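Below is one structure; the comments refer to it alone.
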Amino acid sequence: GNSVTQMEGPVTLSEEAFLTINCTYTATGYPSLFWYVQYPGEGLQLLLKATKADDKGSNKGFEATYRKETTSFHLEKGSVQVSDSAVYFCALSDYGGSQGNLIFGKGTKLSVKP
Amino acid sequence: GAVVSQHPSWVICKSGTSVKIECRSLDFQATTMFWYRQFPKQSLMLMATSNEGSKATYEQGVEKDKFLINHASLTLSTLTVTSAHPEDSSFYICSARDSLYNEQFFGPGTRLTVL
């Protein structure tokens, strides 16, 4: 079945450091891929998405590229801020562009120190 | 952006009692709402999908008689944990899918502790 694997956390970085959170997936067909962020005490928010191979999703300085050949969707940011501290979830949906039946990774907690 | 609320944000109850959790889409109509369960350091696990006016579709292994879902209107879905036991203690999260943009918006979650 479909599944998502993302790197274990927690990840602790200093402000302005480079961030990579790895995410790989297993799926039949052509899923859409997503990164969600959960700030403390809040619900999950969609950070970025990509719906087909080689698409790059980007938002708030974060980027992720849909790599079909490596079944990956790694999240990157060139310079993190303290306000980026949150839990990040990689997810896939096998309903094309729609977000029916999302399958989530376990989440990676990011802490950014000043 | 679209807002989804959950009530209560946390609840403590005695074993054997029932607890109702509400999920509301505040500024959009949601024909479909989802209920997830999240254990500490674990992923969100989809429990059920509810469509307004029809019975919920439960994922394999989720007891429909224990987790009652009612999606009575386009802005409200409720999850009732019946005869709760300590193993039901968890973080329950709902999401509502916007009909126009087909995107899921998540509520802040409800932490249930069963003593």
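Since we're looking at a predicted model, the values are computed, not measured. So that the names make sense, note that chain A is the first sequence line, chain B the second, and so on, each numbered from 1.
The cluster map of Ile, Leu, Val, Met, Phe, Trp and Tyr, joined by side-chain heavy atoms under 4.5 Å apart, puts B:Val62 and B:Val114 in the same cluster. Taken together through direct or relayed side-chain contacts under 4.5 Å among Ile, Leu, Val, Met, Phe, Trp and Tyr, A:Ile103 and B:Met47 form parts of separate hydrophobic clusters. Under the 4.5 Å side-chain heavy-atom criterion for ILVMFWY residues, no single connected hydrophobic cluster contains both B:Val11 and B:Ile93. Hydrophobic cluster membership is shared by A:Val87 and B:Tyr36, with clusters built from Ile, Leu, Val, Met, Phe, Trp and Tyr side chains linked at under 4.5 angstrom. By the criterion of side-chain heavy atoms lying less than 4.5 angstrom apart, applied directly or through intervening Ile, Leu, Val, Met, Phe, Trp or Tyr residues, B:Phe39 is not grouped with A:Tyr88; the two fall into different hydrophobic clusters.
For a residue to count as touching a neighbouring chain, one of its non-hydrogen atoms must lie under 4.5 Å from one of that chain's; by this rule B:Gln6 does not touch chain A. Of the atoms belonging to A:Gln38, it is side-chain heavy atoms, and not backbone ones, that fall under 4.5 Å from chain B.
Heavy-atom neighbours of chain A within the stretch residues 64-80 of chain B, taken at a separation under 4.5 angstrom, are nonexistent.
Residues A:Gly105 and B:Ser43 come closest through the heavy atom pair O-OG, 2.8 Å.
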Do A:Phe34 and B:Gln104 pass the side chain to side chain contact (heavy atoms under 4.5 Å, CB included) test, and can you show the C-alpha distance, the side-chain angles, and the key distance before you say yes or no?
CA-CA 11 Å; A:Phe34 307 86; B:Gln104 283 191 44; over 6 Å; no
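More than 12 heavy atoms of other residues, nucleotides or ligands lie within 6.0 Å of CE in A:Met7, so this atom counts as buried by the packing criterion. The number of heavy atoms from other shown groups lying within 6.0 Å of CD (A:Glu16) does not exceed 12.
We find the CG-CG distance between A:Leu102 and B:Leu44 to be 9.5 Å, quoted to the nearest 0.5 Å.
Applying the disulfide bond (SG atoms under 2.5 Å apart) test to residues at least two apart or on different chains, the pairs with a partner in residues 53-115 of chain B are B:Cys23-B:Cys94.
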